[in-house]
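Note that this is a predicted model, so its numbers are computed, not measured.
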Amino acid sequence: MKENELKVTDTSGAATELGYIFTFLLGVLLLSIFSVWTWEIETATRDRWNQQAIQLNLDDIASAIERADEASRLGNITYTESIWWRATEADENQLTLQLTDNYLILIDDSGSLDSEVFVSGTGNGQHNGTVELSGASLVWIVHQDGITSIQPVRPQ
């Protein structure tokens, strides 16, 4: 009996198959890198917009406090103004606004969004007040009986 030997001398098919596999893996790698890159851009943009919205909210409230201080210099009056809190992506359950004589302070329990805005405090009275922003859509600025305060609900 004669044994037949099988010899393979043409390897171009295997090389082509390896080229296909390499090209596929290179495509997966490039798409993965592109996906991570676009995700990082989107996250950075969202964080920047969130910080800008919070800063605009603080600036609006600080401006209203300045207007209340200006009104307090007119005499014994009552001044009330409401400011809409713009929606943000921050966890507002962890945000607290605090008004001191010279600063409007945003306290973030996670610590990443802590901020403060200078308030001149030139009114005829003191500043005080604390507002938990959990569920708040309005912040009320009130000057009454010589005290300018921030409140979460409309004064009566």
Side-chain angles (χ1 to χ4, degrees), residues 14-74 77-144 146-156:
T16 302
E17 199 64 33
L18 286 174
Y20 290 156
I21 292 170
F22 176 73
T23 303
F24 172 75
L25 291 176
L26 181 64
V28 168
L29 175 69
L30 291 175
L31 283 175
S32 298
I33 290 171
F34 180 75
S35 296
V36 169
W37 179 65
T38 56
W39 179 80
E40 288 175 355
I41 289 174
E42 189 268 336
T43 301
T45 302
R46 186 179 57 228
D47 289 344
R48 187 178 70 246
W49 286 351
N50 188 44
Q51 290 172 351
Q52 287 175 347
I54 288 173
Q55 189 60 47
L56 287 172
N57 283 332
L58 293 175
D59 290 343
D60 287 349
I61 293 170
S63 295
I65 292 167
E66 295 290 343
R67 288 189 293 274
D69 282 348
E70 188 176 327
S72 74
R73 291 191 298 263
L74 297 175
I77 65 162
T78 298
Y79 179 89
T80 303
E81 182 178 351
S82 63
I83 301 294
W84 284 100
W85 181 263
R86 289 177 186 84
T88 65
E89 288 194 1
D91 184 5
E92 292 172 351
N93 292 325
Q94 297 183 5
L95 298 180
T96 304
L97 279 176
Q98 183 179 12
L99 179 60
T100 65
D101 280 334
N102 292 321
Y103 290 98
L104 175 65
I105 302 168
L106 178 70
I107 301 168
D108 181 11
D109 290 341
S110 68
S112 62
L113 296 172
D114 288 344
S115 180
E116 59 184 35
V117 176
F118 179 75
V119 180
S120 67
T122 59
N124 287 338
Q126 298 176 338
H127 292 156
N128 70 16
T130 301
V131 174
E132 300 284 334
L133 291 175
S134 177
S137 59
L138 285 173
V139 176
W140 289 88
I141 291 79
V142 178
H143 177 80
Q144 187 173 14
I147 297 175
T148 301
S149 64
I150 55 174
Q151 301 176 4
V153 294
R154 183 177 179 213
Q156 299 298 326

> Do Trp39 and Thr43 come within less than 4.5 Å of each other through their side chains, counting heavy atoms only?
Replying inline: yes
>> Side chains of Asp69 and His127 only: does a donor on one sit below 3.5 Å from an acceptor on the other?
In response: yes
>> Return the NE2 to CD distance between His143 and Glu70, rounded to the nearest 0.5 Å.
In response: 12.5 Å
> Between Arg73 and Thr122, does any side-chain donor sit less than 3.5 Å from a side-chain acceptor?
Replying inline: yes
> Do Thr88 and Asn57 have side chains that get closer than 4.5 Å, going by heavy atoms?
Replying inline: yes
> Ser134 and Glu92: side-chain donor and acceptor closer than 3.5 Å?
Replying inline: no
>> Just by distance, no angles: are the side chains of Gln51 and Asp47 close enough, under 3.5 Å, to form a donor-acceptor pair?
In response: no
>> Which residue in the set Leu138, Ile61, Asp60 passes side chain to side chain contact (heavy atoms under 4.5 Å, CB included) when paired with Trp85?
In response: Ile61
> So do Thr148 and Val119 actually touch side chain to side chain, heavy atoms under 4.5 Å?
Replying inline: no
> If you round to the nearest 0.5 Å, how far is CD of Glu81 from CZ of Arg67?
Replying inline: 4.0 Å
>> As an exercise, state the distance from CG of Leu97 to CG of Leu133, rounded to the nearest 0.5 Å.
In response: 4.5 Å
> When rounded to the nearest 0.5 angstrom, what is the spacing between CG in Leu31 and CG in Leu26?
Replying inline: 9.5 Å
> Rounded to the nearest 0.5 Å, how far does CD1 of Ile141 lie from OG1 of Thr80?
Replying inline: 9.5 Å
